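Heads up: the structure comes next, in structure tokens.
If you're wondering where the values come from, they're calculated on a predicted model, not measured in any experiment. Remember, it's 1-based here, ligands and their atoms both numbered in the order they're listed.
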Amino acid sequence: MGKKYLIYTYGCQMNVHESEKIAGALSGMGYSECSSVGEADVIVFNTCCVRENAEQHAFGNIGALKKLKAEKPDLVIVVCGCMTQQGDFAERLAKTFPFVDVVIGTYNLDDFADILKRKIETKKRIIEILERNGEISEKNLPLRSSYPNAWVNIIYGCNNFCTYCIVPYVRGRERSRKAEDIIGEVKSLVDEGYKEITLLGQNVDSYGKDLKDGSSFVSLIDEIAKIEGKFRLRFMSNHPKDFDSEVAKAIKNNPHAAHLIHLPAQSGSDRILKLMNRRYTVNDYLAKIEAIKREIPDCSVTTDLIVGFPTETEDDFSDTLSLCKKVGFDGAFTFVYSPREGTKAATMEGQIPDEVKKERIMRLVEYQNGYNRERSKEYIGKTVEILAEDFDEKKNKYLGRDEYGKMAYFESKENVIGKLVNVKIKSTGGMSLIGELVETERV
Ligand code: SF4
């Protein structure tokens, strides 16, 4: 029986994709994936320190392996991801969990296979956290697990230092991949049959600035427009200070680009935006929305919002609600502010009590969900093109999204995962849609 691995992934899409690269490295070493800790020869915790509960989850799961490791000493336990890059975390982790074999940071993830080999050969514990931005070596080819969707990194790190965010401290400054590498990767994915490709970066609009070879996010989108084949192109995430009408035009002119732009507003109050160091005002943000609607009138816009940032007053919060009403977001990821150690906002005076934060987020979510439910009703009777992504066992239905990101469920006798299908919407299930299959893609 071959060797097996299991990866626990915490946090954002960036980490999910990094886990695909770790899986690629392990697969190259002859390992295959398993589904339980008991079967595994290598267990990897790809951690995240951006969200508080992701950290708590990781700790709970690492701690639970103590007994297994005592029974199976050859089991290799690896902890990596951005949590290990934070302050003295790696040292503390190593002390708290002496049975953890390898602790590595975000900058040496590319050397995953070499580090694991070294651990197995020497049997010595490895704790290695590099403190600088490495070259983008692209040693690990991802073992993708989310067909028909694929994620492609275009830029690593972030230069923005929003005062609530730990990312620039744990993932370093912006480093763009070479355009030809990105375009080559997108082309191969299209050839392999992937139907939705999301370009990933903490701030995709900054793409190319560090390369100093004339590359930009707009030129990258324009080059991807020339790739033949049917696929949807998405981007995650834009930054309102860098997003401009040129980007909107490039999206409009790209036949593959979905008409959905994720533009994180974070707050509707200028005072709070300044404290967050977001470097735009509410009026700047609204001007970007206007530019999007001017270039791409049917474009849907989604956002991220933080509630309960230090010193946020009821008036500031009302401004956030007003922004939602003005823009009409087609979706909002809403977060309760929680201080992250090492960030400027964590030491600010005027931290908001939990009960106030909870009450505000409930009001925001209630408003946004109500708006999205109403928007969903507008779909009833329409036929929409859905990319079938998965099968929901409980509902006994396939599910997928339209280009605007709207989720729809429908029945099908044949397996349609990976196909673009036409679905006539009959009703809504809260914010999602329920429809009947009309026609499947003719390939
Ligand atoms: S843009 Fe701001 S919120 Fe986004 S990763 Fe950079 S510092 Fe964090």
Do you know which two heavy atoms are closest between Pro168 and Arg173, and how far apart they sit?
O-NH2, 2.6 Å
Considering all heavy atoms, the nearest Asp222-Ala250 contact
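Here Asp222 and Ala250 meet closest at OD1-CB, 3.8 Å.
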How does Pro168 reach ligand 1, by side chain, by backbone, by both or by neither, if only non-hydrogen atoms under 4.0 Å count?
side chain
So is Gln266 close enough to ligand 1, meaning a heavy atom under 4.0 angstrom away?
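Gln266: no contact with ligand 1 (<4.0 Å).
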Phe45 and Tyr10 aromatic ring geometry - parallel, tilted or perpendicular at 30°/60° bounds:
parallel
Does the plane of the ring in Phe333 sit parallel, tilted or perpendicular to the ring in His262? Use 30° and 60° as the thresholds.
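Rings of Phe333 and His262: perpendicular, as their planes differ by over 60°.
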Provide, to 0.1 Å, the distance between [atom] and the closest protein heavy atom, together with that atom's residue and name.
{"atom": "atom 3 (S) of ligand 1", "result": "Tyr164 OH, 3.5 Å"}
{"atom": "atom 5 (S) of ligand 1", "result": "Gln202 OE1, 3.6 Å"}
{"atom": "atom 6 (Fe) of ligand 1", "result": "Cys158 SG, 2.2 Å"}
{"atom": "atom 8 (Fe) of ligand 1", "result": "Cys165 SG, 2.3 Å"}

Quick check against the 3.5 Å criterion: does [X] have a side-chain atom that pairs as donor or acceptor with the backbone of [Y]?
{"X": "Asn277", "Y": "Phe161", "value": "yes"}
{"X": "Gln85", "Y": "Thr106", "value": "yes"}
{"X": "Tyr337", "Y": "Glu312", "value": "no"}

Number the atoms of ligand 1 from 1 as they appear, then name those within less than 4.0 Å of a heavy atom of [X], with their elements.
{"X": "His239", "value": "1 (S)"}
{"X": "Val167", "value": "5 (S)"}
{"X": "Phe161", "value": "7 (S)"}

Any N/O/S atom of Cys162 sitting less than 2.8 Å from atom 2 (Fe) of ligand 1, backbone or side chain?
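It does: Cys162 brings an N, O or S atom closer than 2.8 Å to atom 2 (Fe) of ligand 1.
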